[in-house]
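Step one of this worksheet: look at the structure below.
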Amino acid sequence: MSHSAEPLPMIARRSGPLKGEAKVPGDKSISHRALILGALAVGETHITGLLEGQDVLDTAKAMQAFGARVERLGEGEWLVNGVGVGGFSEPEGVIDCGNSGTGVRLIMGAMATTPVTATFTGDASLSRRPMGRVTDPLELFGCEVTAREGKRLPVTIKGAADPVPVRYKTPVASAQIKSAVLLAALNAPGETVVIESEPTRDHTERMLAGFGATISTEVTDEGQVITLRGRPELRPQPVVVPRDPSSAAFPVAAALIVPGSEIRVPGVSRNPTRDGLYVTLLEMGADIRFENPREEGGEPVADLVVRHGPLKGVTVPPERAASMIDEFPILSVIACFAEGTTVMQGVHELRVKESDRIEAMAVGLVANGAEVGATDDTMTVHGKGGLKGGAICATHLDHRIAMSFLVAGLASEQPISVDDGSPIATSFPDFLPLMKGLGAQIG
Ligand SMILES: O=C(O)C1=C[C@@H](OP(=O)(O)O)[C@@H](O)[C@H](O)C1
Ligand SMILES: C=C(OP(=O)(O)O)C(=O)O
């Protein structure tokens, strides 16, 4: 649903030690994929631990519009009755993906090789984001695309009646581009190949293999070469969604910067393609233990035990960017509470997320007394072991910007406010009660 509610201002104040268990929600990337692959499988896919954030609910609604039966059985427990590869029917209305880049881009891929026509819209933030990165490779399969100027939403796609397979090298490191191409390839004959020079999150490949598709990944001089054989019959699999490492980052950061804190975050995905923040935090000297490592639903998970302690600035190399792309806003906050300079390299993609995240964080942190530098592709924070606070920050319809500044306010001298915390519901609907449960002064 597009965002139309009134802005919801929120404030966070310096808090005492945070203690307890933080059960963060299910992984957003895996939740979208479970609904989409469930809709493309023949029969019933049972999902547990699904994130019930607005982004994912919008994808569930879209799958219904394309003809799948999607049913909520209980908290995080969903059943999808799929129509099979190539079985999507033409939706009656416009597909509104709200705030979700993943939702809109993956669904465009999933329908582009089926002979139906669909129009996609989103909220003001999503309507600013580039769609050509996905519609360009989808056109190679034979679909027809019309878009607003600059290849923005609304976008209408007339799916290819006679699709052809594709060989495509992604121009930027993006799991959304890779996944859109792979989902389109499902209903193209023969083999489609996607090449990515930097590896990105691999949930689509893992889940496709789990649903019975023939898919392989080879590491070559060109990068990762992913090959998918088209027209499989996807077989429903139970999907157990692990807790989201990108959402876990917020209580983890809060525990690292609020003196005296010690929290436990159970069952968090430790997929290596998502682990960059945790690698970086260990380099900064963070006290994080990974307990009970195990496999759940085909993904490695562990329980995180996090304690407050001194942190030092580090340089995050560009080749790590993709594995922590959504965590740079909260890392820039943690970096303010470290001693020394943190340099984040290769982060240009942050400029085309729900907001320009380099600009949004730099402006808000400087207003709260931090020393921050930015170029097109880097962000630098000169950490002073603390933050003054006292300012109101603009969130620009961006959940991660809202949560980052609120976490900063828990450890700064003066409170920090955000102009609108409502976007938090897209990925972490229980953020406020969860943080309050740990002892955070937030509301
Ligand atoms: O594939 C996914 O689920 C996602 C991929 C990333 O986007 P890009 O593919 O644009 O890097 C990430 O920022 C987004 O939150 C989720
Ligand atoms: C970038 C994000 O999501 P999306 O691209 O799906 O809107 C995010 O969740 O940080």
Side-chain angles (χ1 to χ4, degrees), residues 2-3 25-37 51 53-59 62 97-110 120 122-134 137 153 170-183 194 196 198-208 241 244-250 269 271 273-274 276-277 299 321-331 346-358 360-361 395-404 423-429 431:
S2 286
H3 185 96
D27 189 86
K28 178 156 71 70
S29 294
I30 296 176
S31 295
H32 283 295
R33 287 157 172 84
L35 291 169
I36 296 170
L37 286 194
L51 163 65
Q54 193 57 48
D55 277 13
V56 174
L57 297 178
D58 287 337
T59 288
C97 290
N99 191 250
S100 178
T102 309
V104 76
R105 293 183 176 129
L106 269 55
I107 297 167
M108 286 198 250
F120 296 88
D123 70 2
S125 156
L126 194 58
S127 302
R128 284 191 292 266
R129 296 174 68 183
M131 294 298 143
R133 54 177 51 202
V134 164
L153 297 180
T170 56
V172 285
S174 162
Q176 292 177 6
I177 302 176
K178 169 178 68 179
S179 301
V181 174
L182 290 174
L183 291 170
V194 186
E196 49 179 12
E198 291 289 337
T200 63
R201 67 191 67 195
D202 61 359
H203 308 301
T204 304
E205 297 94 300
R206 283 176 188 250
M207 211 182 280
L208 278 171
V241 183
D244 195 322
S246 302
S247 297
F250 297 102
S269 166
N271 181 315
T273 62
R274 298 285 300 280
L277 175 72
E299 294 270 336
S323 67
M324 54 179 293
I325 194 66
D326 295 339
E327 284 69 79
F328 285 105
I330 190 62
L331 178 63
V347 295
H348 55 275
E349 275 292 296
L350 296 184
R351 299 217 178 258
V352 289
K353 297 294 179 186
E354 284 84 326
S355 67
D356 177 340
R357 288 178 170 167
I358 297 178
M361 289 311 300
T395 59
H396 306 282
L397 291 179
D398 191 332
H399 53 136
R400 304 220 188 267
I401 301 301
M403 290 187 277
S404 296
I424 293 172
T426 60
S427 69
F428 201 156
F431 175 72

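Both counts, for ligands and for their atoms, begin at 1 and track the order of listing.
Counting heavy atoms under 4.0 Å from ligand 1, residue His203 does not touch it at all. At a heavy-atom distance under 4.0 Å, only side-chain atoms of Arg33, from C-beta outward, approach ligand 1.
The CD1 atom of Ile358 sits 4.0 Å away from atom CZ of Arg351, with the distance rounded to the nearest 0.5 Å.
The contact set between ligand 1 and Asp326, taken as ligand atoms under 4.0 Å from a residue heavy atom, comprises 12 (C), 13 (O), 14 (C), 15 (O). Proximity to Thr102 (heavy-atom distance under 4.0 Å) selects the following atoms of ligand 1: 2 (C), 3 (O), 4 (C), 14 (C), 16 (C). Within ligand 1, the atoms closer than 4.0 Å to a non-hydrogen atom of Ala175 are 1 (O), 9 (O), numbered from 1 in the order shown. Residue-ligand proximity, Lys353 to ligand 1, at heavy-atom distances under 4.0 Å covers atoms 6 (C), 7 (O), 8 (P), 10 (O), 11 (O), 12 (C), 13 (O). Listed by number with element, the atoms of ligand 1 under 4.0 Å from a non-hydrogen atom of Gln176 are 1 (O), 2 (C), 4 (C), 5 (C), 6 (C), 7 (O), 8 (P), 9 (O), 10 (O), 14 (C), 16 (C).
No option in Leu183, Leu106, Thr204 other than Leu183 meets the side chain to side chain contact (heavy atoms under 4.5 Å, CB included) test with Leu37. Exactly one of Lys28, Arg400, Glu327 qualifies for a side-chain hydrogen bond (donor to acceptor under 3.5 Å, both in side chains) with Ser246. That residue is Glu327.
A donor-acceptor contact closer than 3.5 angstrom links the side chains of Thr200 and Lys178. Side-chain atoms of Ser427 and His399 form a donor-acceptor pair, as typed in the model, at a separation below 3.5 Å. Remark: the Ser269 side chain and the Asn271 side chain contain no N/O donor-acceptor pair separated by less than 3.5 Å.
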| said: Asp55 vs His32, test: side-chain contact (heavy atoms from CB on, under 4.5 Å). Steps then yes/no. | reply: CA-CA 8 Å; Asp55 277 13; His32 283 295; 4.0 Å; yes
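Residues Ile325 and Arg201 form a side-chain contact, since some pair of their non-hydrogen atoms from C-beta on lies under 4.5 Å apart. In this structure the side chain of Thr102 reaches within 4.5 angstrom of the side chain of Arg33, judged on heavy atoms. Here the side chains of Glu299 and Arg274 are not in contact, with every heavy-atom distance at 4.5 Å or above.
A distance limit of 4.0 angstrom between heavy atoms and ligand 2 selects the residues Lys28, Asn99, Ser100, Gly101, Thr102, Arg129, Gln176, Asp326, Lys353, Glu354, Arg357, His399, Arg400.
Between Arg400 and ligand 1, a contact under 3.5 Å exists for no N or O pair.
Closest to atom 9 (O) of ligand 1, if we only count protein heavy atoms, is Ser174 OG, 2.6 Å.
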